[in-house]
Every structure is written in C-alpha cells, then in structure tokens.
2 protein chains.
Amino acid sequence: MAPPPAPQTMKERILQTADKLFYLQGIRAIGVDTIAAEIGISKRTLYNHFPSKDALIAAYLERRFVHARPSDKPPAEQILATFDSLERRFAAKDFRGCPFVNAVAELGPSDRAVKKIAIAFKESRRLWFRDRLTELGVADADALATQLVLLVDGSIAQDLVRDDPAMARAAKEAATVLLRNAGVDVGEPVKRRRAPK
Amino acid sequence: MAPPPAPQTMKERILQTADKLFYLQGIRAIGVDTIAAEIGISKRTLYNHFPSKDALIAAYLERRFVHARPSDKPPAEQILATFDSLERRFAAKDFRGCPFVNAVAELGPSDRAVKKIAIAFKESRRLWFRDRLTELGVADADALATQLVLLVDGSIAQDLVRDDPAMARAAKEAATVLLRNAGVDVGEPVKRRRAPK
DNA sequence: TTTTGATTACACAGACCTGTGTACTTAGGC
DNA sequence: GCCTAAGTACACAGGTCTGTGTAATCAAAA
C-alpha cells in the first residue's frame, strides 16, 4: 500500500487544498488568494479551472459526497460500526463537524445550490441505514433510520462545540437501545445477567 | 396580555435587531451598517453602545442564552414536551437552527469566546435533562441526558438542512423508547394492546 | 523550430467591511 | 436660558474580498 501519489491534475490539487482550508477554517473565512498561495499557484490559474468561488464551493461539497463502501459484515454490525468510525473521527484533531451542515449554516438559507447537495447527502445516509434495517427485517425501517441519523448528526453537532469524542459512544449506546427495541439482536441486553460461562 | 411594548433602551433595540439579522442571515453575512440602517440609527450610535462587532456578537449570544422556566408538570412530561416545543419551532418559518452551533460553525474553532458560551449553553441543556431524570429516579441520569441532547441537536441539524419538522417527532419517538428502557413510565408501550376500556 | 496552451506576475476595479474623527443638531434637566 | 448627553450626518482610513486584464514565460507537441 503505497501512500497516495502526489495529485496529478491541477484541478485535483486545487480541490484538495480547497477542501482542507474550507473544511478546517470555514468557507467564508478562506479567500481564493489563500488557496492559490497555499498551493503556490497564481490566482489566475485557479480561475482558469473554476469560473467562480461558488463553483469551487460546489465542487468541494460534491467531492465530499463519498458513498459508503459495500461491506459483507452483518447489517447490525455495520450500523454500530458507524458510530465507532464516528468516534475515531471525533478523536482526530482535524475533525470539524459535518461539512454539509457547516456549509448550510455558513452560507445561509438563500444558497439553494448548497442546500440541495446537503439535503441529498443527508438523505443518502438515511437510506443507507434504512437498507441495513430492511435487511434485518425491521418493520418500520424508515422511521428507525431517521432516528439513527438524528443520533449521528446530534453527536457531530455536540462534538463540534464540545470536542468530546464520548458523544459518539453515547450515540452508539442510544442506537443499541433503539435497535434492540426494534427486535434486532445486538448482543447482551445492557448489563443484566452474569457472564455466561 | 398586551403585546410587548416597543423596546425602551437604545441598547435593547440594537440587540433585538442584531438578533434578528444575525440569526436569520448569519453573523458574517450581516455588517454593522446593515444593523444600524435597519433600526434607522447611525453607525456611530451603534459603536457608542458596543465597542466592536465582536462585543455585539457576544451580547447577541448571551441574550440567546435563556434558561428554561421552572415547571410544575411531571418530569417525564416536561422532557417529552421539549420535543413538541421543538416541533413548533421547526414549523415556524423563521427557524434556522441552533444559534450557538451556527456561530461555532461560522466563526470557526479559533474564536474561543464564542465556543465558550456555546459549550456553556449545551451543558446547561444537558444538565436540565439530567435533573429531570434524577427526579424520575433514573439510575444513570447523566448518560441518558447526554443521549437526549443528541436527539435534540440531531433533529435541529436535520431540520436546518431539510426543513422538516417531522424530525422533532422522530426525536420524540426515539426519546420515548430510551426513557421506557430506563424504566420511566411514558404511557402505553408503542402500539401493542387494544384501546383499554 | 515553430506553435500552442498552460501558467505566472502583477496591477487593478469595484465592492464591502470595521472602526474612527468631526462638526452639527436635538432634547431634557437645572 | 443654558448646559450636557445622546444622536446624526458624513467622510474616510485601511483592510479584505472576488474577479479581470495583460504581457511575459515556459514546456511540450507538431
């Protein structure tokens, strides 16, 4: 597994840098000059690849919209693993919330383009949960999927302001209760019963 | 119940207008000129009451930090009523997420003052839940309180991007399950059993 | 070698922002 | 009537931002 090679195209280099700066410091806080300077290119080159900052913002968000990879693990495990992954990301020092929620919060309700992609992203995550729950035979997979994304986004928002990765564990525990309540087998029920030999 | 009289002091008028504009359109999106123009005062007057925009932002957030009013209703009802109130606020067209989370998202991680008040607010909400749960005799009130704030913030974040007040109902249903799982009496268990009588 | 396309350096327009300086007006309290 | 405090009008400094215009450079393809 070689480390990823230096990005090939200019466009990709711009996007990588924009991603880093937009995400870590905020879209409004970063000017195109800053991005160009960070790469060491002229502002003119940047504008030769993206017609406007808005276009760059849209491309940044679209690039963040990565679909979940398929997995052959049992669905219940996949669902709970989501929260473990979340906890790892919270613990990383370069985590700064959900880029889509942040963009909507930053750019305001008037920016329809940003809102549209944010909605699409949130819905894709919800559907991912729903499909796993359907595989598990959960009756109202739709409703439970919504509840699970609430826990995900809630823990992200809480971690954003508190910097506390434990929020992911709390979300996982709540998710476990909700899953068990829906009839999904998720290991031993809380803490009752002694270790079964 | 007379409608609230026109605000008395200049400072209060400034704060009311700043609140409206900052909250609805974003802190970075609104300049002090805009606020002054909206009230019909000169920018100089505004700066006579607040030494800087940062001070105005801080005052805006502090004014948003209203503590929950005491209630004599049963604790379980109070907790669940939180989500009904949330749903009503989502349905209002002037709802635009949590001002504290938005401010942190907008102003970035470097703004310590904003982050500090945001943390204080989030913790005060969590402690409110914890106190209600303690009244109910819930064993691990701390952990459950954290899970409940995740549902609150999750539904706020989801509604911010999706404009869907149903997120509050989903949060309430999840909260009901979590409460029942902790031994709190919250009415009939889901949908089993026919109408009694 | 010549041509073509990408990139650079750099200036600049036009907008907006925060914050200040200054002189004028206005309204009450004494 | 006079004095003080608050507000007004307005210009402006100094900064940032997006986006463009232009001429020079460089490298690789033809």
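Protein chains get the first letters and strands the later ones, always in sequence-line order, with residue 1 at the start of each.
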Engineer: Would you kindly give the CD1-to-C1' distance between B:I35 and C:dC17, to the nearest whole Å?
Structural biologist: 12 Å
Engineer: Just the rounded figure in Å: distance from C1' of C:dG5 to NZ of A:K11.
Structural biologist: 16 Å
Engineer: When the ring planes of B:F100 and B:F65 are compared, do they come out parallel, tilted or perpendicular, using 30° and 60° as the limits?
Structural biologist: perpendicular
Engineer: Taking the side chain as every heavy atom from C-beta outward, state whether A:T45 and A:S42 have any pair of such atoms under 4.5 Å apart.
Structural biologist: yes
Engineer: Give the rounded distance in Å between these two atoms: CD1 of A:I39 and C1' of C:dT8.
Structural biologist: 14 Å
Engineer: C:dG19 base to B:K43 side chain: any donor-acceptor pair below 3.5 Å?
Structural biologist: yes
Engineer: Please give, in whole Å, the distance from C:dA9 P to A:L46 CG?
Structural biologist: 14 Å
Engineer: Start at the 5' end of DNA chain D and walk down; is the nucleotide closest to B:N48 or to A:P51 reached first?
Structural biologist: B:N48
Engineer: Just so I know, are the side chains of B:E173 and B:F83 near enough to count as touching, which here means a heavy-atom distance under 4.5 Å?
Structural biologist: no
Engineer: Grab the CG-P distance between B:D33 and C:dT18 for me, whole Å please.
Structural biologist: 7 Å
Engineer: Side chain of A:E106, backbone of A:R28: donor and acceptor closer than 3.5 Å?
Structural biologist: yes
Engineer: Starting at atom CD1 of A:I14, determine the distance to atom P of C:dA6, rounded to an integer number of angstrom.
Structural biologist: 13 Å
Engineer: What integer distance in Å separates B:L107:CG from C:dT18:C1'?
Structural biologist: 15 Å
Engineer: Between B:R96 and B:L24, is there a donor-acceptor pair closer than 3.5 Å when you use the side chain of the first and the backbone of the second?
Structural biologist: yes
Engineer: Are any side-chain N or O atoms of A:D159 and backbone N or O atoms of A:D164, one a donor and one an acceptor, separated by less than 3.5 Å?
Structural biologist: yes
Engineer: With DNA chain D as reference, determine whether A:R44 or A:V32 sits nearer its 5' end, using the nearest nucleotide of each.
Structural biologist: A:V32
Engineer: Does A:H49 put a side-chain nitrogen or oxygen below 4.0 Å from OP1 or OP2 of C:dA6?
Structural biologist: no
Engineer: How would you give the extent of chain A contacts on DNA chain D, as first and last nucleotide 5' to 3' within a 4.0 Å heavy-atom cut-off?
Structural biologist: D:dT18 to D:dT22
Engineer: Looking at A:I27, is its backbone amide N or carbonyl O close enough to the side chain of A:K53 to form a donor-acceptor pair, meaning the two atoms are under 3.5 Å apart?
Structural biologist: yes
